[in-house]
Amino acid sequence: MTATTVDIHLHPKPGCDIIDITSRVATAVQQQGIQSGLVQVFSPHTTSAIRINENDPALLNDFKHNIDRAIPNNVHYDHNDIDVRKNARAHLASFMYGASESVPIVDGKLSLGQWQSIFFIDFDGGRSEGRHVIINMITAV
Ligand code: ZN
């Protein structure tokens with residue numbers, strides 16, 4: 001088994017920013033020449049998520065509105081008492097959605113379904129230093 005890691009850098013916009021990184025992941029797999037294996041896409045941040053779904057602007061709006069309903073703005077969050085960014089809602093969204101996804105690599109390509117895209121979701125975007133996503137490719141040879 002071999003593992004190869006590629007780090008990509010993103011500059012999400014302030015607030016909740018949903019970035020389609022499918023082509024970045026596919027390019028990383030192709031550049032390594034991997035024909036068969038698994039790619040894990042991992043976010044090393046506590047206020048972001050990696051998720052797979054359809055890249056439809058209306059659906060992405062629904063996703064943002066659903067977060068507002070699930071994690072309302074008008075209640076008290078203990079974390080906001082100790083973090084100057086007051087980003088408890090962003091942490092809670094990250095808890096709900098998770099930090100990674102894995103996709104099989106078959107015949108040198110991501111075996112995503114026709115309507116599937118890989119998203120980096122920043123729930124607390126706009127940081128000057130940006131964000132990192134780790135693309136971890138695992139092959140059997
Ligand atoms: Zn925080």
Side-chain angles (χ1 to χ4, degrees), residues 1-80 82-141:
M1 191 185 93
T2 60
T4 309
T5 297
V6 171
D7 193 312
I8 63 172
H9 196 210
L10 302 168
H11 285 279
K13 295 191 280 287
C16 180
D17 194 11
I18 305 172
I19 301 173
D20 188 332
I21 58 170
T22 310
S23 64
R24 304 281 299 266
V25 177
T27 298
V29 168
Q30 283 159 15
Q31 285 178 342
Q32 297 302 320
I34 295 169
Q35 289 302 304
S36 178
L38 188 74
V39 58
Q40 181 205 39
V41 184
F42 175 77
S43 168
H45 307 289
T46 57
T47 52
S48 69
I50 303 290
R51 293 282 79 175
I52 292 174
N53 215 296
E54 183 175 348
N55 190 353
D56 165 51
L59 179 63
L60 301 184
N61 270 339
D62 289 338
F63 179 87
K64 291 179 182 178
H65 294 146
N66 195 46
I67 292 168
D68 292 338
R69 285 189 292 268
I71 312 170
N73 237 326
N74 58 350
V75 297
H76 175 80
Y77 295 103
D78 289 351
H79 181 71
N80 289 344
I82 56 99
D83 188 328
V84 293
R85 288 188 69 91
K86 309 233 175 276
N87 58 1
R89 293 179 67 244
H91 286 284
L92 293 170
S94 179
F95 260 122
M96 286 169 64
Y97 293 103
S100 69
E101 290 275 17
S102 296
V103 181
I105 303 165
V106 178
D107 295 332
K109 293 183 177 146
L110 302 177
S111 57
L112 291 166
Q114 181 183 0
W115 301 107
Q116 287 185 314
S117 290
I118 306 167
F119 295 102
F120 174 82
I121 306 162
D122 196 337
F123 300 106
D124 188 19
R127 293 159 190 262
S128 58
E129 71 274 24
R131 298 288 210 171
H132 288 274
V133 174
I134 297 166
I135 301 171
N136 191 29
M137 293 160 277
I138 300 156
T139 56
V141 286

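What you see is a predicted model; the values in this text were computed from it and never measured.
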Step by step, work out the side-chain hydrogen bond (donor to acceptor under 3.5 Å, both in side chains) result for D78 and H76. CA-CA 7 Å; D78 289 351; H76 175 80; 3.1 Å; yes
Can you check side-chain contact (heavy atoms from CB on, under 4.5 Å) on V39 and N136, steps first, answer last? CA-CA 6 Å; V39 58; N136 191 29; over 6 Å; no
Picking from H132, R24, R131, what satisfies side chain to side chain contact (heavy atoms under 4.5 Å, CB included) with I8? R24
If you take all heavy atoms of [X] and [Y], which pair is closest and at what distance?
{"X": "A99", "Y": "I50", "result": "O-CG1, 3.4 Å"}
{"X": "A70", "Y": "M96", "result": "CB-CE, 4.1 Å"}
{"X": "G108", "Y": "Q30", "result": "O-CG, 4.2 Å"}
{"X": "E101", "Y": "I52", "result": "OE2-N, 3.1 Å"}
{"X": "I118", "Y": "T22", "result": "N-OG1, 2.8 Å"}
{"X": "P12", "Y": "D17", "result": "CA-OD2, 3.3 Å"}

Taking C-beta and beyond as the side chain, do [X] and [Y] meet within less than 4.5 Å on heavy atoms?
{"X": "F42", "Y": "V133", "answer": "no"}
{"X": "I134", "Y": "P44", "answer": "yes"}
{"X": "I105", "Y": "L38", "answer": "no"}
{"X": "I19", "Y": "D122", "answer": "no"}
{"X": "L110", "Y": "V29", "answer": "yes"}
{"X": "Y97", "Y": "I67", "answer": "yes"}

Close aromatic pair by centroid cut-off 6.0 Å: F95 and F123: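 No, ring centres 6.0 Å or more apart.
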Stepwise side-chain contact (heavy atoms from CB on, under 4.5 Å) check, L92 with Y77: CA-CA 10 Å; L92 293 170; Y77 295 103; 3.5 Å; yes
Just verifying a value: how many Å separate [X] [atom1] and [Y] [atom2], rounded to the nearest 0.5 Å?
{"X": "T27", "Y": "Q32", "atom1": "OG1", "atom2": "CD", "value": "11.5 Å"}
{"X": "N66", "Y": "K64", "atom1": "CG", "atom2": "NZ", "value": "13.5 Å"}
{"X": "S36", "Y": "K109", "atom1": "OG", "atom2": "NZ", "value": "14.0 Å"}
{"X": "H91", "Y": "T46", "atom1": "NE2", "atom2": "OG1", "value": "4.5 Å"}
{"X": "L60", "Y": "E54", "atom1": "CG", "atom2": "CD", "value": "9.0 Å"}
{"X": "I121", "Y": "I18", "atom1": "CD1", "atom2": "CD1", "value": "5.5 Å"}

Under the criterion side-chain hydrogen bond (donor to acceptor under 3.5 Å, both in side chains), I'd like the reasoning laid out for H79 against N87: C-alpha separation, chi angles, the key distance, then a yes or no. CA-CA 8 Å; H79 181 71; N87 58 1; 3.2 Å; yes
Stepwise side-chain hydrogen bond (donor to acceptor under 3.5 Å, both in side chains) test for R51 and S117: CA-CA 8 Å; R51 293 282 79 175; S117 290; over 6 Å; no
Identify whether the distance between the nearest side-chain nitrogen and carboxylate oxygen of R89 and D68 falls below 4.0 Å.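 Yes, R89 and D68 are salt-bridged.
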Using modelled atom types and a 3.5 Å cut-off, is there a donor and acceptor pairing between side-chain atoms of T47 and backbone atoms of D124? no
NZ of K13: more than 12 outside heavy atoms within 6.0 angstrom?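 12 or below, so no.
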Given S94 and S48, is the side-chain hydrogen bond (donor to acceptor under 3.5 Å, both in side chains) satisfied, shown in steps? CA-CA 5 Å; S94 179; S48 69; 5.3 Å; no
Give the C-alpha distance, both sets of side-chain angles, the deciding distance and a yes or no for side-chain contact (heavy atoms from CB on, under 4.5 Å) between V25 and V103. CA-CA 10 Å; V25 177; V103 181; over 6 Å; no
